[in-house]
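As a basis for the values below, the full set of heavy atoms in this structure was taken, side chains included, without hydrogen atoms, waters or symmetry mates. Given the structure is predicted, the values throughout are model-derived calculations rather than measurements. Proteins come first, then strands; the chains are lettered A, B, ... in the order of their sequence lines, and each starts at number 1.
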Amino acid sequence: MTAASTAAHPSLQIYNTLTKKKTPFEPVLPGKVGIYLCGPTVYAEAHIGHMVGPVIFDCIKRYLVYCGYDVTWVVNITDVDDKLIHKANERGLTMLEVAEENIADYNKNLAALGVDQIDQFPRATECMGDIIEFIESLVDQGYAYASEGDVYFDVGKDGEYGKLSNRSLDAMQGEGGGTADRKKNTADFALWKSAKPDEPSWDSPWGKGRPGWHIECSAMSKKILGETFDIHGGGLDLVFPHHENEIAQSECCHHKPMVKYWAHNGLLRKDNSAGKIGGKMSRSAGAGGLHELIDRQGGERIRFFLLRTHYRSTVLFSEPAIEEAAKGLESFYRLFKRYKRITGAEFYSLTAPTKRGAPSIDQGNDPTLTAAAEAKKKFLASMDDDFNTGGAIAELFELASLTNKYCDEADLEGKGAGDAASNAVLDLLMETIKELSNTLGLFLQPPAAAGGSDELLGQVMQLVIDLRADARQAKNFATADAIRDGLAPTGIVLEDRAGGTEWSGGNDGSLDGVMMMLIELRQTSRANKDFATGDAIRDRLKDLGVVLEDRAGGTEWTRG
RNA sequence: GGCGUCGUAGCCAAGUGGCUAAGGCAUCGGAUUGCAAAUCCGACAUCCCCGGUUCGAAUCCGGGCGACGCCUCCA
């Protein structure tokens, strides 16, 4: 590893918005990486679009750590802003209360999507001293000027202004907004805004006021990551004016590059599924309800859905699209269950290498391991190429497929069961899946249990499976099929295997459907004079504390 | 108007100069199963159009058509 002294993995390339090129990744300080991602303005609940950046940067950090870097990831929270003030007034709360509420919402959403790599969440209101100091430095150096209690950045003093978003000052002859008369140039932007009566404010050399939107990021990134740091991220919609203004402030202040790699994620669009392509999502257009979406779909599905596409692409978001992605995810869950059936071991408890460069698993001459090593190589090549998670996921599917094939061919659930050599190969395959999926933040924990949290459903399902096993034993396939088909409306699926029948699917509402199926089965049994089955249903339900009552209008069930 | 991005199978989506154009979903065959489900095997793309560069282009260049973003708050 000769080049490793300056770059742990010189094969890693990152696209840079500033240069519009992919370039090899070389951190400012060998072995260390600082990442700053623009977080939310917490005036309202988040929508799914707010998760694109956190999810991809969560993967980026995981991958960089895997590659051996020591990574610090910062996400700022904008908790002072016009919209927050308005919202607070509207609701009769303080700005801080509104912020706290939405920060809690944001954090819950991050946790649900498995975003847990963020090291610091600096808040604008907690860095007032740094912000004011930064503005003073710009004023002292002549890049900013005070005007009627406001302070503006003088874009005319910055010869490089517009370089990030590739626009010239001439092209920006807007009317300058409501404060145009206080500015020298309409493109000048506020570093400090004087407070109107009753607005939250902080003391400053220019009187009571609050920071403009862009300055907090310059001040906080400098404070935590330094004057030049490695990666600055955010949505593509932030390139102008937010990041353009950040780079102007920071580079005029420090006279050195602010950031080595500007990495911007693509935006989500709503899929109207009415033939028309939907527009951009935004809270001002009523987008929201991320929490409800997570409740319905689960965080890992959403994360997987987002990672299927390269982070710089636009993604058409719709719930059916998430459900389609989920079908792919299910095949991994099934493989994990299969692994447990064969070895008794839990995929989620496996120990896998956490650092890149572990010895290849292709030690012997097992063709499956050779193919798996190749898939791993391609996975890493994809991630090295500007964090191509979509290409990487394809290799995860490849590995899953190889593993299933191996289980089939070695008949690990039949004649080949218990073969130590085969199981060792299987372990290696599963550990490889674990090692790689870890860098994507996938399959870290088992997904929420089927059937929600209702213990009774599990017990009733055991009864259902026993009844069906009896019917199959007696070659009573009509009853066996009636049971399986009768469960279909509840979303529960039965799978017959050598070791017995397994069930999966369903949700909190499934229990009632299962009970209805049992009640119906009992009635048909009795109609067919099969009193043994009918009585077995009633008696075993009774053991579970469920009472059946035959009434004129039909049978009802109640929990004991 | 200015600055950008994108157009790959029914759908989603990698690949950006050179083997049979990844992978997922759906569909259709086959193995397996009492029947299913799952799993495996197999089938399924003249890469928006036209022109150019090249021995060779989905990939580079020019033109067209179409979709979208930013230029105002936005992840």
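- As rounded to the nearest Å, B:A43 and B:G10 have C1' atoms that lie 15 Å from one another.
- Each of A:A400 and A:R468 lies near RNA chain B, and the nucleotide nearest A:R468 is the one positioned closer to the 5' end.
- For A:R334, a side-chain nitrogen or oxygen approaches OP1 or OP2 of B:U39 to under 4.0 Å.
- Residue contacts for A:L268: at a heavy-atom cut-off of 4.0 Å it reaches a base atom on one of the strands shown.
- For A:D481, whose side chain is taken as the heavy atoms from C-beta onward, the closest listed nucleotide among B:U39, B:C35, B:C3 is B:C35.
- Aromatic pair A:F332/A:F397: ring centres closer than 6.0 Å.
- Comparing B:A14, B:A75, B:U39 by their nearest atom to the side chain of A:H310 picks out B:A14.
- A:D237 contributes no side-chain N or O that forms a donor-acceptor pair with the base of B:C73 under 3.5 Å.
- Residue A:K20 places no side-chain N or O under 4.0 Å from the OP1 or OP2 atom of B:G4.
- Pair assignment for B:A9: none, as no Watson-Crick or G-U wobble contacts are both less than 3.5 Å.
- Phosphate contact (OP1/OP2 of B:A75, side-chain N/O of A:N265, threshold under 4.0 Å): absent.
- Pairing for B:C28 is with B:G42, a Watson-Crick or G-U wobble pair whose two hydrogen-bonding atom distances lie under 3.5 Å.
- The partner of B:U53 cannot be assigned: no Watson-Crick or G-U wobble pair with both contacts below 3.5 Å exists in any strand.
- For the P atoms, the distance linking B:A21 with B:U46 amounts to 12 Å, nearest Å.
- Using a 4.5 Å heavy-atom threshold, the side chains of A:D386 and A:Q13 count as separate.
- Rounded to a whole angstrom, the distance from the C1' atom of B:G66 to that of B:A26 is 26 Å.
- Considering only residues two or more places apart in sequence or on other chains, A:W73 meets the side-chain hydrogen bond (donor to acceptor under 3.5 Å, both in side chains) condition with none of them.
- Shown here, B:C3 forms a base pair with B:G69; the pair counts as Watson-Crick or G-U wobble because both key distances fall under 3.5 Å.
- Listed candidates were B:G4, B:C12, B:U39. Nearest to the side chain of A:R308 is B:C12.
- For A:V493, taking side-chain heavy atoms from C-beta onward, the closest of the listed nucleotides B:C71, B:A75, B:A37 is B:A37.
- With A:D58 contributing its side chain and A:P54 its backbone, the two residues share no donor-acceptor pair below 3.5 Å.
- Side-chain proximity of A:D496 to the nucleotides B:C71, B:A36, B:A75 is greatest for B:A36.
- Distances were taken from every side-chain heavy atom of A:R167 (C-beta onward) to each of B:A22, B:C70, B:A75; the shortest belongs to B:C70.
- Look at B:A58: it lacks any Watson-Crick or wobble partner with both distances under 3.5 angstrom.
- As judged by a 4.0 angstrom heavy-atom cut-off over every strand, A:L494 is placed among the base-contacting residues.
- Here, B:A9 and B:A22 have their C1' atoms 14 Å apart, quoted to the whole Å.
- At a cut-off of 3.5 Å, with distance as the only test, no side-chain donor of A:S401 or A:N404 sits close to an acceptor on the other residue.
- Interface remark: the A:R472 side chain does form a donor-acceptor pair with the B:G34 base, using a distance-only criterion of under 3.5 Å.
- Put simply, the side chain of A:K87 never gets that close to the backbone of A:Y43: no donor and acceptor are under 3.5 Å apart.
- Residue-to-nucleotide contacts include no donor-acceptor pair under 3.5 Å from the side chain of A:N388 to the base of B:G15.
- Within the 4.0 angstrom heavy-atom criterion, only backbone atoms of the sugar-phosphate kind lie near A:G234; the bases stay farther away.
- Aromatic ring centres of A:F443 and A:F336: separated by under 6.0 Å.
- By the 4.0 Å N-to-carboxylate-O rule, A:K61 lies close enough to A:D119 to be salt-bridged with it.
- Between A:T501 and B:A37 there is no side-chain polar atom (N or O) within less than 4.0 angstrom of OP1 or OP2.
- A:E398 comes within 4.0 angstrom of the backbone, heavy atoms only, and of no base.
- Remark: side-chain polar atoms of A:N528 are not paired, donor with acceptor, to backbone N or O of A:D530 under 3.5 angstrom.
- In this structure, of B:G24, B:A75, B:A67, it is B:A67 that holds the atom nearest to the side chain of A:R269.
- In this structure, A:S168 reaches neither bases nor backbone, as no heavy-atom distance under 4.0 Å exists between it and the strands shown.
- Across B:C3, B:A22, B:A75, the shortest atom-to-atom separation from the side chain of A:L267 is found for B:A75.
- Distance A:R497 CZ to B:A37 C1': 8 Å, rounded to the nearest Å.
- Base pairing of B:C19 is not made with any nucleotide, judged by Watson-Crick or G-U wobble geometry with both donor-acceptor distances under 3.5 Å.
- Listed nucleotides B:A75, B:C40, B:G15 differ in distance to A:C38; the shortest reach to its side chain belongs to B:A75.
- In this entry the distance linking CG of A:D411 with C1' of B:A38 reads 15 Å, nearest Å.
- A:F477 comes within contact range of at least one nucleobase, with a heavy-atom separation under 4.0 Å.
- Heavy-atom nearest nucleotides on RNA chain B were determined for A:V52 and for A:A480, and the one closer to the 5' end corresponds to A:A480.
- Within 4.0 Å (heavy atoms only), A:G233 reaches no atom of the nucleic acid at all.
- The side chain of A:S401 contributes an N or O atom lying less than 4.0 Å from OP1 or OP2 of B:C40.
- Using a 4.0 Å heavy-atom cutoff across all strands shown, A:S313 reaches sugar-phosphate atoms only and no base atom.
- Ranking B:A37, B:A14, B:C35 by closeness to the A:E495 side chain, first place goes to B:A37.
- The base of B:G24 is paired with the side chain of A:E324 by a donor and an acceptor separated by under 3.5 Å.
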